[in-house]
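Chain identifiers are assigned alphabetically (A, B, ...) following the order of the sequence lines, protein sequences preceding nucleic acid strands; residue numbering begins at 1 within each chain.
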Amino acid sequence: MRRASLATLFFVILVAIWHFIVRAGIWSPVLLPSPQSVGEYLVGAVRDGTLLEATGVTVRRLLFGYLIGIAIGLPLGLFTSASKFAEDTIGVMALGLQTLPSVCWIPLALLWFGQTESAMLFVVIMGTVWSVVIATDTGVRNIPPIFARAARTMGSRGLHKWTKVILPASLPFLVSGMKQGWAFAWRSLMAAEIYVTILTGFGLGHLLHYGRELQAMDQVIGVMLVIITIGLLTDKILFSPIERFLHNRWGTGLR
Amino acid sequence: MRRASLATLFFVILVAIWHFIVRAGIWSPVLLPSPQSVGEYLVGAVRDGTLLEATGVTVRRLLFGYLIGIAIGLPLGLFTSASKFAEDTIGVMALGLQTLPSVCWIPLALLWFGQTESAMLFVVIMGTVWSVVIATDTGVRNIPPIFARAARTMGSRGLHKWTKVILPASLPFLVSGMKQGWAFAWRSLMAAEIYVTILTGFGLGHLLHYGRELQAMDQVIGVMLVIITIGLLTDKILFSPIERFLHNRWGTGLR
Amino acid sequence: MSLREELQGLPPAKLAVEDVSKWFRTSRQTVHALDHISLDINEGEFVCLVGPSGCGKSTLLDIIAGLATPDEGRVMADNEPVLSPGRHRLVMFQEAALFPWLDVTGNVMFGLKLKPGLKNKERREVAKFFLHLVGLEKFAAAHVHELSGGMKQRVALARALAPNPRVLLMDEPFAALDALTREQLYSDIQRIWEKRRKTIVFVTHNVREAVCLADRVILFSRNPGRIREQFDIPLPRPRDINSIELAEYAGKITRALKGHSEEEPAEE
Amino acid sequence: MSLREELQGLPPAKLAVEDVSKWFRTSRQTVHALDHISLDINEGEFVCLVGPSGCGKSTLLDIIAGLATPDEGRVMADNEPVLSPGRHRLVMFQEAALFPWLDVTGNVMFGLKLKPGLKNKERREVAKFFLHLVGLEKFAAAHVHELSGGMKQRVALARALAPNPRVLLMDEPFAALDALTREQLYSDIQRIWEKRRKTIVFVTHNVREAVCLADRVILFSRNPGRIREQFDIPLPRPRDINSIELAEYAGKITRALKGHSEEEPAEE
Amino acid sequence: DNAALRVGHFPNITHAQALVAHNLSRQGKGWFEERLGPGTKIEWFVYNAGPSAMEAIFAKSIDLTYVGPGPALNAYTRSSGAEVRLIAGAANGGAALVVQPDQKLAAPADFRGKKIATPQLGNTQDISCRAWLTAGGLKITQLGGDAQVLPTQNPDQLSLFQQKRVDAVWTIEPWVSRLEREAGGKILVDERDVATTVLVSSAKFLADHRDLAKKFAQAHAELTDWIVKNPEEAQKLIRAELLAETKSDMAPDLIAQSWKRIVFTAETPRASVESFMQNSVKAGFIKSVPDLSKLFEKP
Ligand SMILES: Nc1ncnc2c1ncn2[C@@H]1O[C@H](COP(=O)(O)OP(=O)(O)OP(=O)(O)O)[C@@H](O)[C@H]1O
Ligand SMILES: Nc1ncnc2c1ncn2[C@@H]1O[C@H](COP(=O)(O)OP(=O)(O)OP(=O)(O)O)[C@@H](O)[C@H]1O
Ligand SMILES: [Mg+2]
Ligand SMILES: [Mg+2]
């Protein structure tokens, strides 16, 4: 309790300092808006639905692209881990493409798909898929061979081996790969939205971009706060339960 | 040897397929340039120095920002790991800011610093620093307590303890955090360069952006190949030696 | 097969290792791991393999299990050649190798699920039965990491027993445990073996352990891996690891073991 | 201090545990780990603490080391109260706790580097000397992970000996090793102790081990942690763990240990 | 048929025809809808730059668009003449080179080592700028050369110019006027006969729906006439439309000031485009002058 209230106090003081810096007028309000004006922007944007709509658009794009990315990356990763040839070809490709920031796909995506949802999806998928391929591959390769041996002696082979032994055994790696994939997807979508206008819907990135165009710092900072909140929430909602389950089962990471 | 040549063959065939698809004229050349034209672009851009210059600019920005990010993040992370109060305040902040794609800092950076190198640096630093803080913190927390006990009985305390025991013991975590920081920094710099013109120098991101503006797919794909190469090279030059040292010392990850 | 038969157990199998040789070729050297090993093991016999590190004990066990193939010779189980791993010959390793993503019951049921002809309810009952046998019925829903080393090996034993194999192959299953736990397991395994007789091949470094458990102790020497001597242990069961008679046998075998070790160059 | 003195060793220290008590308070319960423990240990004496799990042996060792503070009472080393960890009382743990980022020599030199008044060259020589003493001079540049468990404990021993402490505190240092390695280490440690006499407090679960090493075996009981009985072991050295006389002492102490265990509720 | 016509444009004053028509569509009094016959629907798409509009043509997501000749030519060349057709002119002039008043900049040679901002790489003003400098004896590459041409978004240009961090700006109305009024910029080059906006059709649309395209071009010409004749009303509609699209209000006098420099005409600017082609080659964006025979097509 004392810890929590101390920490809260810290953040309250931080906002207070911010407030007084703005009040003191050291910097122009164009450079640093007051906490009040950021709050007002947020309230206003929630009221008129802008924020909710933009969040909806962004999250929808992210989820779709991410799920498709996993659906492609997981089998590919299993494939590269199972075959030497696939490792030397798809695996090498995945390694290279993973180092390519997925923003770099935006120009191509725009030329191929135009300013459409497909272009956004493509960028998000490119952000996800290679991380997932590599994580799956590493995960499978890091399974203690003793698991596979034990399973084999009990008669597990083929599909049973892959679904009941190899996939669950590599779960800790898979999850960390998926977290990384999510981080990259999230980053590339934001970059894509800031960079290009999509006719079918404005996301949070667009709000941020317009905030800059209008030199509305309250909007910029307000939207950044929303983005942080979403980031923290998805972590809580999407990954925390899986990680808790893993820690629970594997008995790891318990402080 | 056979493996390597098989893999090479695969990539040669890939390029050949690409060539014949373009030749067949199924897609317009705006959508898919021929391998030859990409090659010609690369040769031309190397000849007239554009590519080298842009690479230099990008790599310089990246390295500077990254090193500053580490110089800030490492002590901050040690601090959060050492103090409960710092953990509840700076630690929580780092967690939140790490989920914020660092592209989102671009509008703020532009307003604060204008279209200058400082803005670029700021974005790269924001991409690096929080990953490093969190990795350092986790690293220190994951040190087996027996190391600290052993060191204490031998009389290690204070600065000696931090530099000779805690930092080296958390190295494996630090390195993976730095790799992640690098990945994020690289991604945010590319996004930043694609998004804004900086008066003091054009990087690879700008070349990519211009490729799109000119609808020059050969340029887009050529620059993407360069970016992939740089990504792979930095991995080889920057991280591989450290990781090899770690694996060697810790006896981990040996396949 | 009915649940009743399932719980009663199948008759143990007879094993015959026929002139088996095995080499490991690496880029730097070739190791002659097994050199013309022949060995007959009777139905329900408890055989311990003892020998210095690297003499090929694990290799032989793998070959009997069907996890590895011999370069020469073959292994027969009930007069059928062993070609691949099979449910009738289960293996227990030094590490328990329990699956952390399954709870204790899930682990015990893993092999059972691969057995056709059983209802899930029956499988659950079989698992319960064997957990009871190893004294862990209270931990049926526990996670693997919550168990101590000894408990893990007990679960691994239950997992190996549950699919009702006819042969049990054990590769230093107790090596990583502390002395007290180990002593407990010696009496457990003797008790269980009395109830559910299997043909058991048990690898160990520990001569006392071998003498405490085995009908017959087989001494290996290495470079190349060969059978040196065999000792029958006619002591009555259950045996106490601390008994004087046992210590005498152990002394004899230890001396034989040391004798062989001295003939060969020292380990680095 | 000159290199010569450094290599000769300091005289061992006298320890006195004076009426020490310790409680652990957690949110759910309070454990009475040590209850009025008093114990005098002479210069150069080898004392073994034996007792069931949780009787407070490690806690007592921590208090002697200065890693923990008693709630009541105090520990005197050469008539000075122990307030914090100090170079003169080094600890060896069950895990070797070697630092993987240093090679073997680096590990042995870790404590030496914290000792002022030595040149780096001298430190290197001291490290070499102790590596020789534990028989690992050939592995001076090896990485930690390349060593076997027994070798790791040997390095840990060298590391503990190198800064020339007057007291060595050892918390089940051999528990995780296999029997053969352990037997080798019993003779090593006796040999080294003959050469470089230290006051040694040695915690173990293994009664034979205690009898093999100690001048005096101290039996603990738990809930709360108390000293139950003390046994002097007047056997001549070096002792063989497999000798009959040793087995007799061990039997006596084991019976005493079991007797106490039965008085208290069974472990779950 | 009832197929909707998909038309692109920018929220720029030089796209006056589109802004007026878009606003009329908004009011339900669609100019093109009335003239293309009953049942025809016009869908308007707003782009902020030429490449986006051309990408939309490539991706077949629009049929026609108002765009600068730079991107149009670029798209024509890059697709080897396969994708786009120029069916009418829309506006000439409106672009100018604005320089810092306190710098002695009069001829291309004075720009050695200077920074000149343009709205976008490869756009009409960018190419004009590079060609003008090259013609004056300077060597210009994509990323630098003797003078640095900096593709920079219009709002940024203004602030950079105010901070004196660029020496000159080659840009388009209303920014020329704003640079004059808000930053004291001096106009050095003002080319009234250079095409600024053209009407472009996708080649496929033209082939499949030549009649529709023809009607559209005619209506466009009529609209151009109307705008020239009714500047006040047109400016009002434009102001309303810009407010709707960009959420920012443009001062009426700024519109009026910009208006003076722009010539609205539906005449195909063949000569201007051809000289423009030469400029593109000089600027290094295109390797050789392509065959322009397929570019101009009157439906
Ligand atoms: N996969 C392998 N590749 C190369 N050599 C191997 C392999 N497996 C075993 N060997 C070698 O074969 C020999 C026998 O090994 P094996 O594991 O059977 O010995 P072991 O008797 O079980 O030893 P330990 O008691 O240490 O377990 C050893 O010299 C070992 O180095
Ligand atoms: N940090 C701690 N917090 C709470 N309780 C503790 C702590 N350390 C030890 N205990 C408790 O104190 C008692 C004594 O612990 P200690 O580790 O000294 O026993 P031990 O004799 O060394 O046991 P073992 O033989 O298992 O190592 C145990 O009941 C233990 O649970
Ligand atoms: Mg083995
Ligand atoms: Mg203990």
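Each of B/Met93, B/Gln180, B/Glu213 has some count of heavy-atom pairs under 4.5 Å with chain A, and the biggest count is that of B/Met93. Ranked by heavy-atom pairs shorter than 4.5 Å toward chain B, the options A/Ile227, A/Val220, A/Leu108 are led by A/Leu108. Interface summary for chain A: among B/Ser102, B/Gly127, B/Ala183, B/Gly231, the most heavy-atom pairs under 4.5 angstrom belong to B/Gly231.
Neither the backbone nor the side chain of A/Leu189 comes within contact range of chain B; no heavy atoms are under 4.5 Å apart. Proximity to chain A is limited to the side chain of B/Leu14, based on heavy atoms less than 4.5 angstrom apart. Both the backbone and the side chain of A/Ile194 come within less than 4.5 Å of a heavy atom of chain B. Only the side chain of A/Ile221 comes within contact range of chain B, judged by heavy atoms closer than 4.5 Å. Contacts of A/Tyr195 with chain B are made by both backbone and side-chain atoms, with heavy-atom separations under 4.5 Å.
Pairing each heavy atom of B/Trp112 with each of A/Leu32, the nearest pair is CZ2-CD1, 4.3 Å. Shown here for B/Phe11 and A/Thr89, the closest heavy-atom pair between the two residues is CZ-O, 3.5 Å. Across A/Pro101 and B/Met190, no two heavy atoms sit closer than the pair CG-CG, 3.5 Å. The minimum heavy-atom distance linking B/Gly96 with A/Ile228 is given by the pair O-CG2, 3.6 Å.
Here the SG atom belonging to A/Cys104 is positioned 9.0 Å from the CZ atom belonging to B/Arg187, to the nearest 0.5 angstrom. Separating the NE2 atom in B/His209 from the CD1 atom in A/Ile106 is a distance of 11.5 Å, to the nearest 0.5 Å. To the nearest 0.5 Å, the span separating CG on A/Leu233 from OG1 on B/Thr99 amounts to 9.5 Å. Distance check: B/Leu100 CG to A/Thr229 OG1 gives 10.0 Å after rounding to the nearest 0.5 Å.
More than 12 heavy-atom neighbours from other residues, nucleotides or ligands sit within 6.0 angstrom of CZ on A/Phe239. Within 6.0 Å of CZ on A/Phe79 lie no more than 12 heavy atoms contributed by other residues, nucleotides or ligands.
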